[in-house]
Amino acid sequence: MSTTRHELLHAFDLLLAPGRFKDYGPNGLQVEGRTVVRKIVSGVTASRALIEAAISAEADAIFVHHGLFWRGQDGCVTGWMKQRLGLLLGDDVNLFAYHLPLDAHPELGNNAQLGLKLGLVAHAGSAGRFGEQELGFLGAQESGESFGSAKALATHVEGVLKRSVTLVDTANRPIRNVAWCTGGAQGYFEAAIAAGADAFITGEISEPQAHYAREMGVAFLACGHHATERYGAPAVAGHVAAQLGLKHEFIDIDNPA
């Protein structure tokens, strides 16, 4: 089975609705490749390693969360940019990238899929969202039970993500309401506190968040940018591939960040 590049772009856009978002870079088709698509490779970031792996896997298209182009870049095609673009253009491979739209999708996005992996369910309606463009999710365990402590929550997250977690917590109390927003969403911590979270899960921590956690009594868990964003790209690409009868393969390029 195969489809066209145009039909594939239409399917991604229809699912992720990029026009609804004010983003840091272009969403959609970032690099045009061959017209006919039979296989999609998904990954987190359009790194050289992923592009090389996708070419070896005979992909016609690559679908990622972190594409090549971002607001504020100087626009020069040198160094790493030349290398990545050279591989894509030389093998005629399409590159599709969706940033905030992939974070936000209510079932297949990064936040929804991380919640699914962790056994967390967002509260119904607007009570289950917070932050700028309502990217953050707020909910609780699917079982309805509280975590005995922030440490217990951190241990649970470490078991699921298979990596260590940076935990800042001084309250030492049960955790019921959990807020989460994948990747570099440490700036959403104050909004999570205002929304009533007992703990906040994201990828990274910056200097101010440790102070906020201690002063406000809300636990902060930094679980890795890449580690928290491994799930949306394969979920979306796999869904669209099944819809269009295409082959799909997820390639996870290890990243300690």
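When reading the values below, keep in mind they use all heavy atoms of this one structure, side chains included, and skip hydrogens, waters and symmetry mates.
A salt bridge between E32 and R5 is present, with a side-chain N of the basic residue lying under 4.0 Å from a carboxylate O of the acidic one. The existence of a salt bridge linking E58 and K39 is excluded, since no basic side-chain nitrogen approaches an acidic carboxylate oxygen closer than 4.0 Å. Note on D60 versus R38: no salt bridge recorded, every NZ/NE/NH1/NH2 to OD/OE distance being 4.0 Å or above. Using a cut-off of 4.0 Å between Lys/Arg side-chain N and Asp/Glu carboxylate O, D198 and R173 are scored as salt-bridged.
Side-chain atoms of Q186 and T202 form no donor-acceptor pair, as typed in the model, at a separation below 3.5 Å. With 3.5 Å as the limit, one finds a donor-acceptor pair spanning the side chains of H248 and S42. For the residue pair H226/D252, the side-chain donor-acceptor check at 3.5 Å is satisfied. Using modelled atom types and a 3.5 Å distance limit, the side chains of D103 and N110 yield a donor-acceptor pair. Side chains of H123 and N177: a donor on one and an acceptor on the other come within 3.5 Å.
With hydrogens and angles disregarded, a donor-acceptor distance shorter than 3.5 Å links the side chain of H65 to the backbone of Y98. Although no hydrogens or angles enter the test, the distance criterion places a donor-acceptor pair under 3.5 Å between the side chain of R34 and the main chain of D92. For D91 (side chain) and V93 (main-chain N/O), no donor-acceptor pair under 3.5 Å exists by modelled atom type. Looking only at distances, a side-chain donor or acceptor of R176 sits under 3.5 Å from a matching main-chain atom of G144. Within the 3.5 Å criterion, the main-chain N or O of A49 finds no donor-acceptor partner in the side chain of E52. Side-chain N or O atoms of S143 include one that pairs as donor or acceptor with a backbone N or O of E145 at under 3.5 Å.
When side chains are defined from C-beta on, L118 counts as touching I201, because their heavy atoms get closer than 4.5 Å. Taking 4.5 Å as the limit, some side-chain heavy atom of L114 sits within range of a side-chain heavy atom of L161. Put simply, the side chain of H66 reaches to within 4.5 Å of the side chain of W70, judged on heavy atoms. Between L68 and R84, some side-chain heavy-atom pair lies under the 4.5 Å cut-off. Side chains of V31 and L29 form no contact here, defined as non-hydrogen atoms less than 4.5 Å apart. Counting heavy atoms from C-beta outward, K247 and S2 have side chains that stay 4.5 Å or more apart. A 4.5 Å side-chain heavy-atom check between N27 and L100 finds every atom pair outside the cut-off. In this structure the side chain of R20 never reaches within 4.5 angstrom of the side chain of Q133, judged on heavy atoms.
Criterion: ILVMFWY side-chain heavy atoms under 4.5 Å apart, direct or through other members. Under it, I253 and L85 are part of a common hydrophobic cluster. I175 and V165 fall within the same hydrophobic cluster, defined by Ile, Leu, Val, Met, Phe, Trp and Tyr side-chain heavy atoms under 4.5 Å apart, directly or through other members. The hydrophobic cluster containing L246 does not contain L14, counting ILVMFWY residues as joined when their side-chain heavy atoms lie under 4.5 angstrom apart, directly or transitively. Hydrophobic clustering keeps L9 apart from V36 (ILVMFWY residues linked when any side-chain heavy atoms are closer than 4.5 Å, directly or through intermediates). Hydrophobic clustering of Ile, Leu, Val, Met, Phe, Trp and Tyr side chains at less than 4.5 Å, counting indirect connections, keeps L135 apart from L108.
By the 30° and 60° cut-offs, the orientation of the rings of F147 relative to H156 is tilted.
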Yes or no on ring pair (Phe, Tyr, Trp, His ring centres under 6.0 Å) for F220 and Y212, after CA distance, side-chain angles and deciding distance?
CA-CA 9 Å; F220 188 101; Y212 300 154; 9.2 Å; no
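Residue-environment remark: CE (M216) stays at or below the threshold of 12 foreign heavy atoms within 6.0 Å. Around CD of Q83, the count of heavy atoms belonging to other residues, nucleotides or ligands within 6.0 Å exceeds 12.
The distance from the OH atom of Y188 to the CH2 atom of W180 is 15.0 Å, given to the nearest 0.5 Å.
Separation of the H99 and Y24 ring centroids falls under the 6.0 Å cut-off. Close placement of the F63 and F12 rings is indicated, their centers lying within 6.0 Å of each other.
The minimum heavy-atom distance between I40 and A241, with the atom names listed, is CD1-CB, 4.2 Å.
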